[in-house]
Amino acid sequence: MQFGLTDEQKMIVETTRSFVENELYPHEAEVERTGHLRMDLIREVQAKAIEAGLYAANMPEEVGGAGLDTLSWLLYERELGRANYALHWTCVARPSNILLAGTAEQREKYLFPCIRGEKWDCLAMTEPGAGSDLRGMRASARQEGGDWVLNGTKHFISHADIADFAIVFMASGEEDTPRGKKKLITAFFVDKGTPGFSVRDGYRNVSHRGYTNAVLEFDECRIPASQMLGEAHKGFEVANTWLGATRLQVAATCLGRADRALGHAIGYAAERKQFGQQIGKFQGVSFKLADMAMELKAAELLTWEAAWKFDQCSVTEADMSMAKLKASEMLAMVADEAIQIHGGMGLMDDLPLERIWRDARVERIWEGTSEIQRHIISRELLRAVGG
């Protein structure tokens, strides 16, 4: 494993950071103040992202993406993570990798329009009664002739208000196992406007202002079998194959936010004077900076190693869970300490710190809570010795 970046990776970092600072930062205050992302602004920045070659960069070259290896993709994600999440996701969108699991016809209908910026997808798994325990989902799909009929509710579905279609996971049956009955899951494409499918506003969120969530309702929603993604009852296999790196994406965006917060803290500690000297010369501040930098570096190394192993086809679930867990908990610490170093100014919206602090909270919950990550890590340790 090489610790230095290639010239291409350095260019990706420089290009993405320049775009974030010049095209996203100027709009952060408006989005944070209003909690809304204007469609005209989305289209304006989206066009610039497409022109810069940054749009849908997570996708392989053969389908119109940038064809980045996992480490290069995460370097790109880290730089995007420095900005307001609504801006960086919506305007420099990354279509869900699970779209690659579609048939040729499904790719034409869903994948390619998303890569071109003509459509947006949303992913619907979570339910009011099924969060960490996805096997507990109650929303269901039943076969009826050549169709599937969907019923139930999904919530916390990100950006479903602007999405053109949803990738929905539904309980579609049960099977017997030594531990009892286990639900079978099937994934489907469901277009906006399909009878029986409705989207309503979700919940006000302290984190990621402008990045909305919604509630999806299915009431005898009938779709043809051609809308099924993957095989019947194999939804978890599809998800595990194509969504594996999402925890690394969360880790990378946490790194970007932490780096921005640390930069502000270092600059302030070097300039602010109290009691006749720069506050960075007091151990109470300087030791905080040292710990922040050390924790950020540790999280980076865990994330970059997992990315390297992902491309070597040797990554484990524990590797990705360690990266996500460490990066999200590190971000919480760094954001909090950066505010403490700034004192009262740290909580003012003149600086991005209070936003980073708020946004940090959700990172320990979505894409698997910190408790779930610890469960995955410990399970792998115990299995190695027959536990």
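Atoms considered below: every heavy atom in the structure, side chains included; atoms not considered: hydrogens, waters and symmetry mates.
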Practice item. Begin from the C-alpha positions of Glu175 and Lys183 and carry the test salt bridge (charged side-chain N to carboxylate O under 4.0 Å, His left out) through to its verdict. Key: CA-CA 6 Å; Glu175 66 177 350; Lys183 282 187 179 176; over 6 Å; no
Taking every non-hydrogen atom, the tightest pair across [X] and [Y]:
X	Y	value
Pro95	Met59	O-CE, 3.3 Å
Trp357	Ala335	CA-CB, 3.8 Å
Gly210	Leu37	O-CB, 4.4 Å
Leu353	Gly346	CB-O, 3.7 Å
Leu331	Ala258	CD1-N, 3.5 Å

Going only through I, L, V, M, F, W and Y residues with side-chain contacts under 4.5 Å, is there a path from [X] to [Y]?
X	Y	result
Leu255	Val250	yes
Tyr85	Val31	yes
Ile356	Trp89	no
Leu111	Leu229	yes
Leu54	Met11	no

Counting only heavy atoms from other residues, nucleotides and ligands, does the tally under 6.0 Å from [atom1] of [X] exceed 12?
X	atom1	result
Gln143	CD	yes
Asp201	CG	no
Trp120	CH2	yes
Arg138	CZ	no
Glu174	CD	yes
Lys234	NZ	no

Distance-only side-chain donor-acceptor flag, [X] / [Y], under 3.5 Å:
X	Y	answer
Ser370	Glu329	yes
Glu77	Trp73	yes
Glu217	Ser198	no
Ser158	Asn213	no
Ser172	His233	yes
Thr16	Glu79	no
Asp191	Thr194	no
Gln227	Tyr110	yes

Exercise for review: Kindly indicate whether a cation-pi arrangement holds for Arg260 with Tyr25, taking the cut-offs as under 6.0 Å to the six-membered ring centre and within 45° of the axis.
Suggested key: yes
Point to revise | Pairs meeting criterion salt bridge (charged side-chain N to carboxylate O under 4.0 Å, His left out) with involvement of residues 340-350, two or more places apart | key: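 Not a single pair qualifies under salt bridge (charged side-chain N to carboxylate O under 4.0 Å, His left out).
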Please work out whether the ring planes of [X] and [Y] are parallel, tilted or perpendicular, with thresholds of 30° and 60°.
X	Y	result
Phe218	Phe197	parallel
His342	Tyr268	parallel
Tyr203	His155	perpendicular

Practice item. Please identify each residue that fulfils side chain to side chain contact (heavy atoms under 4.5 Å, CB included) with Ala290, with sequence neighbours left out. Key: none
Review point. Would Arg107 and Leu99 satisfy side chain to side chain contact (heavy atoms under 4.5 Å, CB included), going step by step from the backbone distance to the final call?
Key: CA-CA 7 Å; Arg107 286 186 173 199; Leu99 293 172; over 6 Å; no
Practice item. Please name the residue in the list Arg358, Arg355, Arg361, Glu363 that meets the side-chain hydrogen bond (donor to acceptor under 3.5 Å, both in side chains) test with His208. Key: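 Answer to the side-chain hydrogen bond (donor to acceptor under 3.5 Å, both in side chains) test with His208 among Arg358, Arg355, Arg361, Glu363: Glu363.
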Check your understanding: Glu337 and Lys288: salt bridge (charged side-chain N to carboxylate O under 4.0 Å, His left out), yes or no, with the steps?
Key -> CA-CA 7 Å; Glu337 293 287 43; Lys288 288 183 188 297; 3.1 Å; yes
Spell out, as yes or no, whether a donor-acceptor pair under 3.5 Å connects the side chain of [X] to the backbone of [Y].
X	Y	value
Ser18	Glu14	no
Lys119	Lys109	yes
Asp336	Ala332	no
Gln106	Ser226	yes
Glu127	Met137	no

What donor-acceptor contacts under 3.5 angstrom involve side-chain atoms of residues 379-387, with partners at least two apart or in another chain?
from, atom 1, to, atom 2, distance (Å)
Glu380, OE1, Ala318, N, 3.3
Glu380, OE2, Thr316, OG1, 3.0

Do [X] and [Y] make a side-chain contact, defined as non-hydrogen atoms from C-beta onward lying under 4.5 Å apart?
X	Y	result
Thr253	His88	yes
Phe19	Val92	yes
Arg82	Arg257	no
Phe275	Phe282	yes
Asp259	Glu300	no

Check your understanding: Using 4.0 Å as the upper bound for N to carboxylate O, is an ion pair formed by Glu23 and Lys48?
Key ->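 Salt bridge: yes.
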Practice item. Let me see the working for Val190 and Phe165 under side chain to side chain contact (heavy atoms under 4.5 Å, CB included), right down to the final yes or no. Key: CA-CA 6 Å; Val190 186; Phe165 63 93; over 6 Å; no
Review point. Between Trp304 and Leu71, is a side chain to side chain contact (heavy atoms under 4.5 Å, CB included) present by the stated rule, with each step listed?
Key: CA-CA 6 Å; Trp304 301 157; Leu71 177 55; 3.4 Å; yes
**Study point:** Glu220 and Arg222: CA distance, side-chain angles, deciding distance, salt bridge (charged side-chain N to carboxylate O under 4.0 Å, His left out) verdict
**Key:** CA-CA 6 Å; Glu220 291 293 293; Arg222 182 178 294 271; 5.6 Å; no
**Study point:** Point-to-point distance, once rounded to the nearest 0.5 Å, from OG1 of Thr70 to CD of Gln249
**Key:**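 Nearest 0.5 Å value for the OG1-CD distance: 12.5 Å.
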Review point. Can you tell me how far the NE2 atom of His159 sits from the CG atom of Asp161, to the nearest 0.5 Å?
Key: 9.0 Å
Review point. Does the pair Ile341 and Leu289 meet the rule for a side chain to side chain contact (heavy atoms under 4.5 Å, CB included), with working shown?
Key: CA-CA 9 Å; Ile341 289 170; Leu289 294 174; 3.7 Å; yes
Review point. Passes salt bridge (charged side-chain N to carboxylate O under 4.0 Å, His left out), Arg209 versus Glu28? Steps please.
Key: CA-CA 10 Å; Arg209 288 179 181 165; Glu28 285 185 323; over 6 Å; no
